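The structure appears below as structure tokens.
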Amino acid sequence: MTRWLALSAVIMVIDQITKYIVLQNFTLHKVVEVTAFFNLVLVYNPGAAFSFLSDAAGWQRWFFIVIAFVAAVWIVYLLRKHPGQTLFCFALSLVLAGALGNVIDRILFGAVIDFLDFHAYGWHWPAFNVADAAISCGAVLLVWDGFRPRAKSDTADAKA
């Protein structure tokens with residue numbers, strides 16, 4: 001389990017370093033074009049994915065913090081329970097890193113710092129960050145892992 005927690009810690013540090021760099025070098029909503037389809041822009045998202053509940057009165061900050069901490073405890077439990085399931089544990093580590101990376105933002109700033117802005121033909125994907133990318137990749141890997149056939153050792157591990 002230590003390697004999975006270490007992986008989560010490394011991703012959280014990368015997430016926080018990139019957010020720090022953006023905070024030090026960007027003003028709110030200033031767009032820096034990197035390529036024809038990618039910008040850097042500092043935005044604060046008080047909501048969840050795709051700005052869900054961003055217009056709420058402020059209660060959502062603590063709601064999302066509690067959800068992330070509950071999820072983190074559950075993920076650590078699953079990492080301990082299923083050490084032999086490499087893809088599953090890798091995916092959980094990504095989700096854990098992303099959830100805690102965004103919790104740090106919510107605690108410190110009251111919102112999540114987003115800065116990666118992909119766009120095409122006038123359409124912009126909602127801005128996101130390294131933590132969001134880790135959560136998304138982890139979620140995709142969890143779904144993929146769920147559809148994979150289990151080896152006998154994985155099945156025995158899951159029943160234990």
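Please read these numbers as outputs of a predicted model, since none were measured by experiment.
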Residues in side chain to side chain contact (heavy atoms under 4.5 Å, CB included) with T35, at least two apart?
F37, F38
Decide yes or no for V22 and L40: does some side-chain heavy atom of the first lie under 4.5 Å from some side-chain heavy atom of the second?
no
How is the hydrophobic cluster of I135 composed, in terms of its other members, when Ile, Leu, Val, Met, Phe, Trp and Tyr link through side-chain heavy atoms under 4.5 Å apart, directly or indirectly?
none
For V41, what are the other residues in its hydrophobic cluster, where any two members join if their side-chain heavy atoms are less than 4.5 angstrom apart?
V31, V43
I'd like to know whether N45 forms a side-chain hydrogen bond (donor to acceptor under 3.5 Å, both in side chains) with D105, so could you lay out the CA-CA distance, the side-chain angles of the two residues, the decisive distance to 0.1 Å, and finally the verdict.
CA-CA 10 Å; N45 178 6; D105 292 4; over 6 Å; no
Would you mind reporting whether L96 and L5 have side-chain heavy atoms less than 4.5 Å apart?
yes
What residues join V13 in its hydrophobic cluster, counting side-chain heavy atom gaps under 4.5 Å, either direct or through other members?
I17, I21
Using 30° and 60° as the class limits, which term best fits the ring planes of F88 and H82: parallel, tilted or perpendicular?
perpendicular
Across all chains, not counting sequence neighbours, the side chain to side chain contact (heavy atoms under 4.5 Å, CB included) partners of Y44 are L23, L28, L42, F109, A111, I113
Run the numbers on N25 and K30 for side-chain hydrogen bond (donor to acceptor under 3.5 Å, both in side chains), then give the verdict.
CA-CA 10 Å; N25 295 290; K30 179 184 178 199; over 6 Å; no
Partners meeting side chain to side chain contact (heavy atoms under 4.5 Å, CB included) with A97 (sequence neighbours left out):
S8, I11, M12
Does atom OH of Y77 have more than 12 heavy-atom neighbours from other groups under 6.0 Å away?
no
Atom pair CH2/OG1 of W4 and T86 - distance to nearest 0.5 Å:
5.5 Å
